[in-house]
Amino acid sequence: MTTLQAIRGMHDVMPAQIGDWQYLEAQLRALTAAYGYQEVRFPMLEPTTLFSRSVGENTDIVAKEMYTFSDRNGESLTLRPEGTAGCVRAALEHGILFKQTQRLWYMGPMFRYERPQKGRLRQFHQFGLEAFGMPGPDIDAEIIALTARLWRNLGLETKLRLEINSLGTLDTRVRHRKDLLEYLNVHAHALDEDSVRRLATNPLRILDSKNPTMQALIAKAPRLLDFLDQESNDHFAQLQELLTTLGIAYQINPHLVRGLDYYTKTVFEWVNEEMGAQGTVCAGGRYDGLITQLGGEATPAVGFALGLERLINLLHLSKPAQQSVTPDVYFVLLGESAVQSGLGLAERLRDALPTLQVLMNAGGGSVKSQFKRADKSGAKYALVLGDDEIRANVIALKDLRGDFATQLSIEELIKFFESTLHERRVL
RNA sequence: GUGGGCGUAGCUCAGUCGGUAGAGCAUUGGAUUGUGAUUCCAAUGGUCGUGGGUUCGAUCCCCAUCGCUCACCCCA
């Protein structure tokens, strides 16, 4: 294949799809503003150690999915596989976490070297949100309420199911892991191939196995929730109370584990069943230990990320794609002199009506082809300028979606669009 | 990383039991010397993903490779 093409798993967003992205982005900006969160932007490229130290050396993300390479100084750099690490690094570096609370959000591309499939890309886009300095379940509930509101605003409230769990503290997991490994080793003969491999890498995952022959074994295994310390237990109970008070339905999934090492206490996922294997649209949780791990003062934190491509896929299950912008008028220009004066007239229209969207024909073409373009552009009106109009000092106006047609001077035309634009705003 | 399905025109696809290809849509022009979206006519457009093998001859069969896609794994 000699033709140039995009890197595997990295997609272009073309005009036919851009409406969805702009719609979603606008919804997210409005939502974060409603809860007092502020946008941050940080680099897509970071020192590799930032991710290995925060996400965890033994996670799949760090062990085999990172885009890592050396820069010209030999320093190892990595394209960010997730947003939390970079967000925390930036917040620490600018000293905005010390003895204060912060509510932050960000949006942009993330990179993971995985085999692409439905809902899984090598460059994908996440919206992420992080709340720092608040230790209680109230802020956990706030961000879950924020996501629930987003689904309502997007008309997806019936499409997503909330699952929650608590991972407790690091100590909780160490104690549970010890018991779990003991139990699994006793029953090692009953483990399937995947589970044997997970025994070494991530034994918690074994409890989440889809293999039906493993279910009896899993049912009797030590449960992480039984190992929670008092504080984690209270935190989890209070969160459930708050969710109930807010009227947010949830399910406790004791097998819910997040793939990143830094999570503590609350974890949650919003899941859809109709989207194939990658049905998790939004996931997150608390990570009280991460900031000390990265060299900051102990700071409680909680956040989540949502996959924009997955969310758009979900929107498409019930709605067609959002329309991208269509011009108000298409300017048909017939002949040399029309091209010359047409440019100026289009500028005068834009001067007088800054919100009017004027698409001017360029590159010539017959009347027929120019009208075809006008129709295809989605414009409501066509303006026509040719020798006849220039002689009469008028511009022909035609409603492409109705019967109306007339000839107007430029001043009359401005007045005409002023009133139709006004009607459009009122609608 | 493992496995399945698929690569033919800009797009969606047909087709050749092996003899170098067709439709619809789109584009351009015309029927209507200045009026689109309905109709009719015509034109433009393909190294049949790439490389190799078998064959007199391969787009078709075989092998490899790349890409897309779905699933496993994992995750947003």
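These values consider heavy atoms only, across backbone and side chains, with no hydrogens, waters or symmetry-generated copies. By convention in this document, chain letters (A, B, ...) are assigned in the order of the sequence lines, proteins followed by strands, and residues within each chain are numbered from 1.
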* So does A:R112 reach the base of B:A76 with its side chain, donor to acceptor, closer than 3.5 Å? -> yes
* Polar pair under 3.5 Å, donor/acceptor by atom type, side chain A:Q117, base B:C73 -> yes
* Asked: What would the secondary structure line of RNA chain B be in dot-bracket form, counting Watson-Crick and G-U wobble pairs under 3.5 Å, with [ ] for pairs that cross earlier ones and | for pairs with another strand?
  -> (((((((..((((.....[..)))).(((((.......))))).....(((((..]....))))))))))))....
* Which nucleotide, B:G67, B:C74, B:G36, lies nearest any side-chain atom of A:R198? -> B:C74
* Under 3.5 Å donor-acceptor, A:E412 side chain and A:S409 backbone -> yes
* Is a side-chain donor or acceptor of A:Y183 paired with a backbone partner of A:L217 at a separation under 3.5 angstrom? -> yes
Name each donor-acceptor pair under 3.5 Å that joins a side chain in residues 169-181 of chain A to protein atoms two or more places apart or in another chain, with its distance.
residue : atom : partner : partner atom : Å
A:T169  : OG1  : A:D171  : N            : 3.4
A:T169  : OG1  : A:T172  : N            : 3.2
A:T169  : OG1  : A:T172  : OG1          : 3.0
A:D171  : OD2  : A:R175  : NE           : 3.2
A:T172  : OG1  : A:T169  : N            : 2.9
A:T172  : OG1  : A:T169  : O            : 3.4
A:T172  : OG1  : A:D229  : OD1          : 3.4
A:R173  : NH2  : A:D261  : O            : 3.3
A:R173  : NH2  : A:Y263  : O            : 2.4
A:R175  : NH2  : A:F227  : O            : 2.8
A:H176  : NE2  : A:P222  : O            : 2.9
A:H176  : NE2  : A:L224  : N            : 3.3

Nucleotide N/O of nucleotides 1-5 of chain B paired with protein N/O under 3.5 Å:
residue : atom : partner : partner atom : Å
B:U2    : O4   : A:R115  : NH1          : 2.7
B:G3    : O6   : A:R115  : NH2          : 3.4

* Salt bridge present between A:D399 and A:K380 (N-O < 4.0 angstrom) -> yes
* Residues from residues 22-38 of chain A lying under 4.0 Å of RNA chain B - heavy atoms -> none
If you restrict it to nitrogen or oxygen atoms, what contacts under 3.5 Å exist between nucleotides 40-42 of chain B and the protein, and what is each distance?
none

* Structure fact -> Contacts of A:E114 meeting salt bridge (charged side-chain N to carboxylate O under 4.0 Å, His left out) (sequence neighbours excluded), chain-then-number -> A:R120
* First of A:E269 and A:G365 reached from the 5' end of RNA chain B, by closest nucleotide -> A:G365
* Asked: Could A:R122 and A:Y113 be counted as a cation-pi pair, given that NZ or CZ must be under 6.0 Å from the ring centre and within 45° of the axis?
  -> yes
